[in-house]
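See below for the structure under consideration.
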Amino acid sequence: MAKGKKVPEKILRQVPFCPGCGHGIIVRLMMECIEELGYNDNVLIGKPVGCASLLDNALAVDTFTGAHGRNGASMTTIKRLKPDMLVVSYQGDGDAYNIGFSETMNAAYRNEKFTVITINNGNFGMTGGQMAWTSMPGQVTATSVNGRNVELSGMPIRVPEMIASSFDTAYVARGSLFTPAEIKKTKSYIKKAMQAQIDGVGHSLVEVLSPCPTNWGLTPLASMERIVNELVPYFPLGEIKNKGGK
Amino acid sequence: MAKGKKVPEKILRQVPFCPGCGHGIIVRLMMECIEELGYNDNVLIGKPVGCASLLDNALAVDTFTGAHGRNGASMTTIKRLKPDMLVVSYQGDGDAYNIGFSETMNAAYRNEKFTVITINNGNFGMTGGQMAWTSMPGQVTATSVNGRNVELSGMPIRVPEMIASSFDTAYVARGSLFTPAEIKKTKSYIKKAMQAQIDGVGHSLVEVLSPCPTNWGLTPLASMERIVNELVPYFPLGEIKNKGGK
Amino acid sequence: MKEIVFAGFGGQGVLTAGLVLSQVALFSGKKATWMPSYGPAMRGGTANCTVKYSDSRIYSPGQEEPDVIMALNIPSFNKFISMVKPGGIMLIDSDIVTCDTNVRSDVKVVKIPGTTIANELNNPKALNIIMLGAMVKLMGDFSEKEAIDGMNDMFGKKGKNKYEAANTAAFKKGYAAV
Amino acid sequence: MKEIVFAGFGGQGVLTAGLVLSQVALFSGKKATWMPSYGPAMRGGTANCTVKYSDSRIYSPGQEEPDVIMALNIPSFNKFISMVKPGGIMLIDSDIVTCDTNVRSDVKVVKIPGTTIANELNNPKALNIIMLGAMVKLMGDFSEKEAIDGMNDMFGKKGKNKYEAANTAAFKKGYAAV
Amino acid sequence: MGDMVKGNIAMGEAAIRAGMHIYCGYPITPSSEVMEYLSWRAQEAGRQFIQAANEGEAMYMVYGAASIGSRVLTASSGLGISLKQEGVTYMAAADYPAVMINVCRYGDGLGSLESGQTDYKRETRGGGNGDYRNIVLSPSTVQEAVDLVYLAFDLSEKYRNIVVILTEGALGQMMEDCDYPPMKEVPYYDWAFDGKYTHGPYPSQMAVDLHAKGIKNNEKRAAITENEQRWEAVGVEDAEYVLFAYGIPGRVVLGIVDELRKKGEKVGIIRPISLWPFPQKAFDSINKNVKGFISVETADSGQMLEDVALYAKKKGFGNVPCYFISSPPGVPKSKFVLENFEAIKAGKVKEVF
Amino acid sequence: MGDMVKGNIAMGEAAIRAGMHIYCGYPITPSSEVMEYLSWRAQEAGRQFIQAANEGEAMYMVYGAASIGSRVLTASSGLGISLKQEGVTYMAAADYPAVMINVCRYGDGLGSLESGQTDYKRETRGGGNGDYRNIVLSPSTVQEAVDLVYLAFDLSEKYRNIVVILTEGALGQMMEDCDYPPMKEVPYYDWAFDGKYTHGPYPSQMAVDLHAKGIKNNEKRAAITENEQRWEAVGVEDAEYVLFAYGIPGRVVLGIVDELRKKGEKVGIIRPISLWPFPQKAFDSINKNVKGFISVETADSGQMLEDVALYAKKKGFGNVPCYFISSPPGVPKSKFVLENFEAIKAGKVKEVF
Amino acid sequence: MSKVIVSKDKCKQCGYCVKHCPKQAISFSADFNSSGFKYAVVDDSKCIACGMCYTTCPDGVFEITE
Amino acid sequence: MSKVIVSKDKCKQCGYCVKHCPKQAISFSADFNSSGFKYAVVDDSKCIACGMCYTTCPDGVFEITE
Ligand SMILES: Cc1ncc(C[n+]2csc(CCOP(=O)(O)OP(=O)(O)O)c2C)c(N)n1
Ligand SMILES: Cc1ncc(C[n+]2csc(CCOP(=O)(O)OP(=O)(O)O)c2C)c(N)n1
Ligand code: SF4
Ligand code: SF4
Ligand code: SF4
Ligand code: SF4
Ligand code: SF4
Ligand code: SF4
Ligand SMILES: [Mg+2]
Ligand SMILES: [Mg+2]
């Protein structure tokens with residue numbers, strides 16, 4: 001099965017993440033999908049505040065620097081004013097589910113026709129690994145040094161499920177990265193999500209369970225193991241909603 | 001069945017709402033429950049910004065003036081620091097579901113042990129009847145003069161259902177006011193919600209479908225009819241979640 | 001410059017009456033301002049607006065010292081009687097403002113049985129226009145025709161031509177009543 | 001007042017080495033400040049901190065003109081060599097900083113085979129302490145004992161007594177190496 | 001001759017005429033009519049309108065809309081604008097244009113619904129983090145509100161800077177006649193994102209040399225300060241006292257000065273129209289022997305007063321005392337202002353600066 | 001002798017010692033260690049800690065906590081504080097006390113992570129709507145940070161006013177030795193809600209006579225201005241030039257002045273510790289023949305400079321030129337400041353005010 | 001015997017009590033109360049003191065005594 | 001025939017490719033790349049150009065040519 005594979009040309013330089021960080025894979029998948037869908041020259045990516053901030057100047061496509069958490073709002077007006085443009089909001093879990101919860105949910109509520117990719121790495125990577133709403137019970141983070149106490153801080157949040165069950169959007173899925181097969185599935189979710197946008201079906205969101213070896217204090221491979229063993233049982237993988245094409 | 005009935009003494013003066021406004025009934029139910037549960041002298045009510053602002057000085061219990069929408073946050077610290085106090089957040093739908101969506105949801109997410117009563121009157125009463133996230137498709141409001149266009153603004157939001165299905169809280173219900181029987185049911189929901197707080201089971205929320213004759217442009221009686229015919233089918237009544245007592 | 005306050009219950013049309021007067025003033029080539037009271041006390045309470053008109057620039061649009069006040073209920077009469085400029089006019093609907101109006105010797109109180117006239121016209125909603133007719137006459141700044149044309153022009157632009165005849169009749173009755 | 005910069009890769013313990021020195025200074029009755037570099041370039045990049053100590057009030061805690069710089073990798077050497085005060089010292093691990101170090105005639109470059117020593121001690125993590133030992137000797141402001149006591153006091157308070165022997169050995173090796 | 005029209009509605013229509021592409025906002029008294037009007041008028045005119053879940057969301061919507069080069073408007077009041085401050089400073093950092101109307105209500109926190117000028121400090125100094133300055137324009141008539149909103153979009157684009165229309169409840173709610181400027185259809189700005197990476201990378205603040213950017217910002221601010229001062233002045237050349245007042249108090253004080261001068265009193269007024277840049281050039285024509293400057297504001301404490309004092313100092317009036325007249329919520333009463341002025345003249349009031 | 005401790009952690013511990021009951025916040029560099037430390041330390045000390053979904057929510061939590069009379073702390077940086085502004089002005093309206101730490105990072109919008117002083121205007125003028133003023137204290141050493149945080153809780157309660165600790169990334173991140181004050185256990189304030197309606201109704205702003213409240217506010221502000229000015233001054237009595245600098249630049253400039261005076265130069269420094277109230281009393285000892293005032297700030301444009309000029313005018317130095325030295329992000333280099341000072345002395349730089 | 005006390009000046013004429021009184025004991029007055037509303041009037045002879053009027057009234061007009 | 005091109009200086013030694021190469025064709029170098037990591041080395045004789053390494057690599061180290 002000899003087929004050429006090359007990092008999309010719109011990725012200008014090496015991504016600046018820690019060794020084994022899932023962001024590197026997900027950014028590549030996103031850029032591959034954009035390229036394959038033929039939108040290299042009609043696309044805008046909403047960049048969040050978080051480790052993805054490090055993408056500055058790395059992508060040769062229009063990249064909007066959002067306020068922390070608020071790209072659900074900013075992408076809304078961009079997409080409404082430029083309905084033919086492919087608009088993709090790339091967001092961390094802290095960004096999309098903590099500070100930006102209202103904006104993320106409201107965009108889905110209004111069924112805004114853009115695509116969200118959320119990177120669920122269970123903490124605030126950028127700022128040194130504080131607890132996120134996706135951190136697991138008992139997880140040690142910089143703001144839960146004795147392990148997350150869900151009595152005081154609630155059980156980890158599953159936003160994709162909330163959106164799928166509460167709002168009339170087009171597409172919701174959750175993928176991961178722990179094997180080549182999972183990576184390929186995740187890519188197919190991202191592509192379908194973008195396709196739903198292109199077809200005007202509605203809002204789409206793909207969450208990706210992604211390793212943060214640095215803040216998890218694990219090797220990259222052990223981080224992937226943790227995803228399989230600890231996260232997937234709580235954050236089930238697969239398509240959660242698919243309204244199909246037009 | 002001769003049993004005395006008197007407006008709770010903690011209601012100091014006539015409530016200042018428009019004729020037929022549901023706020024008047026709900027405030028009374030709330031005060032009755034507080035009195036009947038024996039919490040007249042250990043209670044704090046979170047007052048929102050909205051028509052309920054008009055309650056200023058009307059209730060002889062500690063009444064916190066919240067920032068518009070944000071009492072989910074303010075009640076959290078009050079209850080945590082005063083765990084024995086009965087803490088009740090009385091909020092409009094615009095307050096709790098629009099501007100305060102994040103605070104409302106986050107309090108439920110953390111399972112904060114206070115009680116929320118939301119008045120779903122399908123618009124921003126206080127500011128002249130603009131569209132709320134609970135306004136019905138086609139509903140004429142000050143910001144949807146041609147009727148609410150759900151293509152652009154989404155379908156009305158059902159927060160109680162979202163909370164019940166997404167978070168591990170104690171009690172969620174929806175009541176209304178269109179007959180004495182419904183009013184009594186609503187009262188029983190409010191009381192159970194407070195009881196869940198008192199028992200330390202967790203967060204509780206009761207939404208009440210409530211008429212706003214002034215902004216609906218209907219008589220009080222016709223407003224009640226509208227609730228029965230138009231709202232109840234979309235916002236089903238009853239207990240949505242009841243974890244029971246300790 | 002003239003300053004007029006229109007006051008009454010919400011629903012009596014005092015804000016509209018004021019607006020018509022300001023629009024009549026514009027129509028006659030004057031400058032005009034219209035300033036409503038608004039605020040938390042609005043709901044179900046009293047409403048009022050201040051209209052000013054002048055041949056030259058109007059500085060303050062706010063209430064200062066009204067030349068004429070129209071009061072369509074007792075609370076409004078009580079609230080505003082002390083504000084009338086010495087020598088000014090207090091115009092009331094004598095059907096509604098039934099209290100003792102003999103409060104200030106330096107103010108001329110003009111009483112019109114507005115509600116009665118409106119009932120005679122079979123048009124209870126026209127109270128505000130009837131009273132406005134009386135006021136225009138009292139002020140003497142606009143001819144009856146000028147005022148009616150201005151009024152009808154305004155309602156016409158709002159797509160409310162169908163009330164033209166009724167409004168004209170009401171205005172005339174009021175105009176004739178003083 | 002002395003100003004020292006500790007620079008290297010993240011993970012080499014340069015921030016800790018600086019902290020130990022500042023704590024030793026305190027222990028000896030001096031004033032001290034410790035200022036890290038921090039910022040977006042942190043992740044996986046180079047790290048450095050500036051330590052100052054003095055018998056009197058320390059005004060600026062920032063980098064001004066370091067008397068001594070410890071550089072534990074080539075990028076740090078290159079970045080900081082130009083900043084050393086004329087007549088100052090650049091202390092390097094000659095195992096790692098293998099580039100041409102003959103850049104400034106007015107700076108004394110002191111080379112210690114830190115990595116080799118660490119390997120000899122079977123304690124590769126001790127590189128920072130070894131280098132610190134050398135630095136303390138070079139500075140001449142604290143006796144060996146004073147410094148070791150200060151260091152052990154600090155780690156002790158952090159509940160890390162168990163490393164006391166190893167740290168002491170490493171420090172001594174470094175101290176002896178210059 | 002225009003018809004009587006409410007200030008808020010007039011501003012909404014002016015935005016449409018100015019080529020506004022989209023409005024994003026959340027209702028709040030006394031500004032709501034701007035958005036209520038645009039909720040149908042925008043669509044009628046082929047433009048867009050979106051009601052946000054709150055003012056913060058509205059501002060991030062503005063931020064997005066600006067990034068693709070559209071003309072975007074938001075309006076709110078006091079505490080709604082408080083919620084926009086992070087968005088505002090992001091806009092400043094990105095050099096994005098937008099017009100933001102603050103129909104000010106009096107007071108801290110929830111405030112009252114009454115008219116006030118208590119947001120001067122925030123609008124002219126910036127309530128968000130950082131060094132930025134919004135251009136702030138303040139009308140005193142409905143016509144001027146229309147003209148300034150119309151102008152604001154152009155200024156905003158010219159300098160790539162937010163322009164705030166700082167007006168008051170009283171002006172938003174009052175009616176006056178006005179003439180509308182011609183309808184413009186404006187294309188999206190071409191410096192903006194077009195999806196084609198035409199302008200290359202747009203790095204975030206973190207990747208930017210902020211000191212270099214700061215120097216550029218200072219240059220921009222200097223240019224705005226040089227070019228965009230606007231004011232109305234009467235009688236300052238021979239004035240013993242110069243009053244400063246903007247917005248509704250501005251027109252009230254104009255009336256007072258008119259009256260006093262007719263009586264032969266040597267008193268003048270400067271009515272700032274641009275609050276930032278503050279019209280420091282207005283000092284150039286002031287009588288060098290002026291005895292005092294007086295700021296009249298509908299606020300507890302002197303907010304514009306600080307600018308009056310600062311620029312007095314800068315313009316060589318460093319020893320002229322600066323007084324404050326604090327008018328209660330609502331439209332200032334001429335009588336009240338006059339009495340306070342007399343007290344100052346009589347030496348009964350101490351200067352603030 | 002205290003050990004070396006990070007500014008952020010020292011402030012966290014100082015809050016515990018001061019009897020803080022609860023911390024509410026959201027992480028942001030360079031302030032995060034305050035909350036990371038308190039995330040376990042609060043519990044250990046029997047206090048409470050809550051991580052909010054964002055800075056806005058944190059501030060409304062503060063608002064709630066304050067209403068029942070607890071000692072409450074929040075900390076953040078630049079744009080996080082921007083998100084708190086509505087909460088801040090609500091607190092002001094309600095006369096609720098709280099302590100808010102701003103570990104300032106340089107710049108507009110997202111800003112950099114580098115140390116800066118670009119939030120002076122916002123903290124001293126208020127970024128929320130209204131007329132309120134926060135008490136603003138700025139330390140220049142870790143010890144002073146500890147002492148000011150400790151003091152802040154008491155001042156906050158004394159005046160029922162928010163106290164902002166405005167410090168910089170550099171101070172939050174640096175280490176220095178410090179001694180901690182004694183541990184206090186403070187009961188909830190008794191003016192607050194206790195669930196029993198002890199104090200009767202607490203009406204919202206809308207039900208209050210705002211002008212009367214404004215007069216009270218002015219009295220409170222006057223009392224604070226009279227009682228709470230804090231500063232450090234060196235050499236101002238004979239100074240030809242007086243430099244003004246606070247925080248980290250404050251200590252840097254103290255060093256410069258020390259050095260210059262040793263060389264015999266007549267130069268002085270005022271290092272404001274209270275930024276609001278600005279230490280206007282410090283002017284009383286300044287040489288009447290001073291030639292210039294110079295504000296040194298880590299900011300693009302002169303922010304404190306405006307206060308220097310304002311109070312110069314107020315205190316009879318209305319004709320003394322006020323200059324600005326803009327230091328780039330980070331800790332100012334003595335050499336840079338010196339060079340700029342020399343340029344001012346040599347007449348090569350134009351004054352700003 | 002129970003009795004219904006009506007605070008007529010509080011009534012805002014919404015009509016809820018009139019509609020829900022099981023005995024049709026409530027009607028509106030001919031005159032206006034101090035707030036300008038026609039107010040609820042109870043026909044004591046029909047009233048069974050069931051309290052439905054109390055339950056439905058938003059304005060606290062009714063008191064049922066024991 | 002396809003071939004794998006390795007940009008060794010981009011490698012951060014995460015080990016994903018090593019783990020997921022179906023042919024165990026990848027191992028780590030003995031020396032360090034310019035960033036200080038031991039980098040992935042492909043044994044061309046084992047490689048079947050399946051692209052799994054490309055798929056798993058977060059750092060864009062691999063290119064499979066056609
Ligand atoms: C208003 C605001 N608050 C806080 C921050 C600090 N901050 C930057 S990124 C971040 C969290 C990032 O976490 P996440 O979104 O999960 O992204 P990750 O780094 O984990 O990919 C925080 C709290 C900020 N930049 N702005
Ligand atoms: C930050 C802020 N934005 C907007 C407002 C204006 N405002 C006051 S109440 C309200 C909506 C009230 O609607 P709801 O909560 O549904 O209460 P209701 O009056 O319908 O009972 C709005 C938008 C405000 N006070 N504060
Ligand atoms: S901190 Fe975590 S999320 Fe951020 S780049 Fe490193 S591994 Fe990735
Ligand atoms: S406006 Fe509506 S919600 Fe508000 S008091 Fe009137 S009826 Fe009730
Ligand atoms: S108590 Fe019952 S029967 Fe009597 S008036 Fe009221 S509703 Fe009717
Ligand atoms: S329910 Fe109450 S307010 Fe309504 S009509 Fe009856 S008595 Fe009057
Ligand atoms: S292309 Fe396939 S076989 Fe070849 S090295 Fe990569 S993973 Fe191994
Ligand atoms: S997956 Fe990439 S970064 Fe990781 S070891 Fe292999 S080549 Fe290196
Ligand atoms: Mg994350
Ligand atoms: Mg509502």
Side-chain angles (χ1 to χ4, degrees), chain B residues 46-56 63-74 92-105 123-135 139-154 156-157 159 215, chain E residues 6 8-9 12 22-45 47-61 74-87 103 105 107-114 169 172-173:
Chain B
K47 179 162 65 64
V49 180
C51 283
S53 295
L54 303 172
L55 285 172
D56 260 328
T63 306
F64 173 83
T65 300
H68 184 31
R70 316 302 184 161
N71 274 345
S74 301
D93 46 359
D95 190 79
Y97 304 159
N98 277 57
I99 188 167
F101 182 69
S102 181
E103 286 74 14
T104 301
M105 295 299 277
N123 71 49
F124 297 172
M126 169 78 158
T127 43
Q130 293 86 4
M131 181 177 79
W133 281 191
T134 47
S135 299
Q139 185 175 332
V140 171
T141 74
T143 51
S144 60
V145 291
N146 301 317
R148 178 175 189 174
N149 179 350
V150 294
E151 280 297 311
L152 287 173
S153 66
I157 202 165
V159 170
N215 287 307
Chain E
K6 244 192 193 204
N8 281 339
I9 288 172
I22 188 165
Y23 175 91
C24 317
Y26 183 79
I28 182 169
T29 310
S31 76
S32 300
E33 292 87 355
V34 179
M35 95 174 271
E36 289 174 5
Y37 179 74
L38 289 172
S39 77
W40 59 269
R41 177 65 176 125
Q43 200 184 12
E44 184 185 76
R47 317 297 174 74
Q48 297 202 38
F49 166 88
I50 180 162
Q51 179 173 340
N54 57 52
E55 293 87 347
E57 193 189 34
M59 197 66 207
Y60 304 114
M61 287 175 171
T74 188
S76 187
S77 183
L79 64 175
I81 306 274
S82 297
L83 292 170
K84 294 179 188 286
Q85 293 304 315
E86 195 206 23
V103 186
R105 54 201 245 183
D108 308 343
L110 182 56
S112 67
L113 304 183
E114 285 180 277
Q173 294 298 322

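Chain identifiers are assigned alphabetically (A, B, ...) following the order of the sequence lines, protein sequences preceding nucleic acid strands; residue numbering begins at 1 within each chain. Just so it is clear, the values below take in all heavy atoms, side chains as well, and ignore hydrogens, waters and symmetry mates.
- Interface residue E/Leu83: only side-chain heavy atoms are found under 4.5 Å from chain B.
- Of all heavy-atom pairs between E/Ala52 and B/Trp133, the closest is O-CH2, 3.7 Å.
- Note: B/Leu152 CG to E/Gln48 CD = 8.0 Å, rounded to the nearest 0.5 Å.
- Between E/Asn54 and B/Asn98, the shortest heavy-atom distance links the atoms ND2-O, 4.4 Å.
- Within 6.0 Å of atom CD in B/Glu151, 12 or fewer heavy atoms from other residues, nucleotides or ligands are found, so the atom counts as exposed in its surroundings.
- B/Ser144 and E/Ser39 get closest at one heavy-atom pair: N-OG, 4.4 Å.
- The contact between E/Phe49 and chain B is made entirely by side chain atoms (from C-beta outward), counting heavy-atom distances below 4.5 Å.
- Looking at B/Phe101, there are no atoms closer than 4.5 Å to chain E (heavy atoms on both sides), in backbone or side chain.
- Most heavy-atom pairs under 4.5 Å with chain B, from the set E/Glu55, E/Glu36, E/Gln43, E/Glu57: that is E/Glu36.
- For B/Thr143, the parts lying under 4.5 angstrom from a heavy atom of chain E are both the backbone and the side chain.
- Atom-to-atom distance recorded for E/Met35:CE and B/Met131:CE is 7.5 Å, nearest 0.5 angstrom.
- Between E/Ile28 atom CD1 and B/His68 atom NE2 the span is 7.5 Å, to the nearest 0.5 Å.
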